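Any value given below was found using the heavy atoms of this structure, including those in side chains, with hydrogens, waters and symmetry copies removed. What you see is a predicted model, and the numbers here were worked out from it, not measured in a lab.
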Amino acid sequence: MNDLLYPLLAVGDLVFLLLIFLFVKHGKLSVRFSLAWFALGGVLLVFAAFPVVAKMLRALLRFEVVANMVFTLLFCFVLLVLLILSATASSQTEEIKRLAQQNALLEHRVRRLEEAVKTGGAAPDGDKPADGR
């Protein structure tokens with residue numbers, strides 16, 4: 001990478017880290033998800049502060065240009081984050097479905113109890129309070 005790009009990478013990374021911090025502070029990003037973003041920012045800051053580390057990793061991974069390696073690693077990281085977010089969305093969808101079903105059953109039970117109270121009849125079987133009242 002051009003030697004001019006390292007300071008630019010450092011400034012951009014510091015802005016990135018500041019944005020993550022502000023998102024966490026204002027509740028826009030959970031701490032659980034921010035840790036991965038802070039780790040990415042830390043790695044980029046190491047690359048910007050110590051270009052030799054990026055060059056050694058480039059040689060180890062057999063990339064021609066450090067910038068190609070950085071963008072490839074960023075792309076892989078974003079794919080990992082997307083996978084994690086997709087898994088989270090799937091589990092939350094299942095939880096929402098379960099809660100909606102529970103809510104519908106409780107609403108049905110309340111309506112049956114209200115009808116029993118209006119007609120002056122006894123509570124339907126299974127709807128008696130646990131304490132026997």
Side-chain angles (χ1 to χ4, degrees):
M1 248 183 354
N2 188 337
D3 290 337
L4 178 65
L5 292 179
Y6 289 106
L8 186 62
L9 177 61
V11 169
D13 188 49
L14 290 174
V15 170
F16 176 72
L17 289 170
L18 178 67
L19 282 173
I20 295 169
F21 176 75
L22 290 175
F23 282 169
V24 171
K25 182 180 176 187
H26 295 293
K28 304 281 185 194
L29 181 65
S30 74
V31 174
R32 183 175 116 188
F33 291 119
S34 71
L35 295 177
W37 291 109
F38 277 126
L40 173 67
V43 169
L44 290 177
L45 200 57
V46 168
F47 285 171
F50 306 106
V52 69
V53 173
K55 291 175 183 175
M56 287 175 21
L57 189 59
R58 176 201 53 86
L60 181 69
L61 296 175
R62 297 188 177 159
F63 279 91
E64 292 293 323
V65 181
V66 174
N68 290 346
M69 179 197 65
V70 170
F71 287 122
T72 302
L73 292 176
L74 287 174
F75 179 73
C76 291
F77 178 79
V78 169
L79 284 178
L80 178 65
V81 169
L82 285 174
L83 177 64
I84 291 168
L85 291 177
S86 295
T88 302
S90 296
S91 65
Q92 286 180 347
T93 300
E94 290 300 315
E95 183 67 13
I96 288 169
K97 183 172 83 173
R98 187 185 64 77
L99 289 172
Q101 290 171 347
Q102 278 183 335
N103 187 38
L105 290 172
L106 288 173
E107 193 172 311
H108 175 70
R109 184 175 174 195
V110 167
R111 284 191 182 138
R112 285 180 39 203
L113 287 171
E114 286 175 344
E115 287 174 5
V117 168
K118 282 181 185 177
T119 61
D125 289 342
D127 289 338
K128 294 180 183 175
D131 61 358
R133 290 188 205 170

Rounded to the nearest 0.5 Å, what separation is found between the OG1 atom of T88 and the CG atom of L83?
9.0 Å
Minimum-distance pair of heavy atoms, taken over all atoms of L17 and G41:
CD2-CA, 3.7 Å
Does E64 have more than 12 heavy atoms from other residues, nucleotides or ligands lying within 6.0 Å of its CD?
no
Step by step, would you call T72 with L61 a side chain to side chain contact (heavy atoms under 4.5 Å, CB included)?
CA-CA 11 Å; T72 302; L61 296 175; over 6 Å; no
Reported CG-to-CG distance for the pair L18 and D13, which is rounded to 0.5 angstrom
11.0 Å
Hey, any chance V46 and W37 share a hydrophobic cluster, counting ILVMFWY side chains that come within less than 4.5 Å of each other, even indirectly?
yes
Can you measure from NE2 (H108) to CG (L105) and round to the nearest 0.5 angstrom?
8.0 Å
What's the verdict on side chain to side chain contact (heavy atoms under 4.5 Å, CB included) for L99 and Q102, showing C-alpha distance, side-chain angles and the deciding distance?
CA-CA 5 Å; L99 289 172; Q102 278 183 335; 3.7 Å; yes
Is there a chain of hydrophobic side chains (I, L, V, M, F, W, Y, each step under 4.5 Å between heavy atoms) that links I84 to L79?
no
Mind checking the CD1-CG spacing from I96 to N103? Nearest 0.5 Å is all I need.
12.5 Å
Result for side chain to side chain contact (heavy atoms under 4.5 Å, CB included) between L73 and one of N68, L40, V43, L57 points to L57
Between atom CG of L80 and atom CZ of F75, what is the distance when rounded to the nearest 0.5 Å?
12.0 Å
Within residues 39-64 or reaching into it, pairs that qualify as ring pair (Phe, Tyr, Trp, His ring centres under 6.0 Å) - sequence neighbours excluded
none
Do V11 and F16 land in one hydrophobic cluster if side-chain heavy atoms of ILVMFWY residues count as linked below 4.5 Å?
no
Nearest atoms (heavy-atom pairs only) where V65 meets R58
C-CD, 3.7 Å
Is the shortest side-chain heavy-atom distance between L44 and V70 below 4.5 Å?
yes
Contacts of type salt bridge (Lys or Arg N to Asp or Glu O under 4.0 Å), residue R98, not counting sequence neighbours
E95
Would you give the length of the straight line joining atom CG of L45 to atom CG of L14, rounded to the nearest 0.5 angstrom?
5.5 Å
What about L74 and Y6, same hydrophobic cluster or not, with Ile/Leu/Val/Met/Phe/Trp/Tyr joined at side-chain heavy-atom distances under 4.5 Å?
yes
Kindly work out whether a path of hydrophobic side-chain contacts (I/L/V/M/F/W/Y, heavy atoms less than 4.5 Å apart) joins M56 to V53.
yes
Would K118 and E114 count as a salt bridge (charged side-chain N to carboxylate O under 4.0 Å, His left out) if you check the C-alpha gap in whole Å, the side-chain angles of each, and the deciding distance to 0.1 Å?
CA-CA 6 Å; K118 282 181 185 177; E114 286 175 344; 5.9 Å; no
Is it true that R112 and E115 make a salt bridge, defined as a side-chain N closer than 4.0 Å to a carboxylate O?
no
Distance-only donor-acceptor pairs under 3.5 Å for side chains of residues 20-36, two or more places apart:
| residue | atom | partner | partner atom | Å |
| --- | --- | --- | --- | --- |
| S30 | OG | F33 | N | 3.4 |
| S34 | OG | V31 | O | 2.8 |

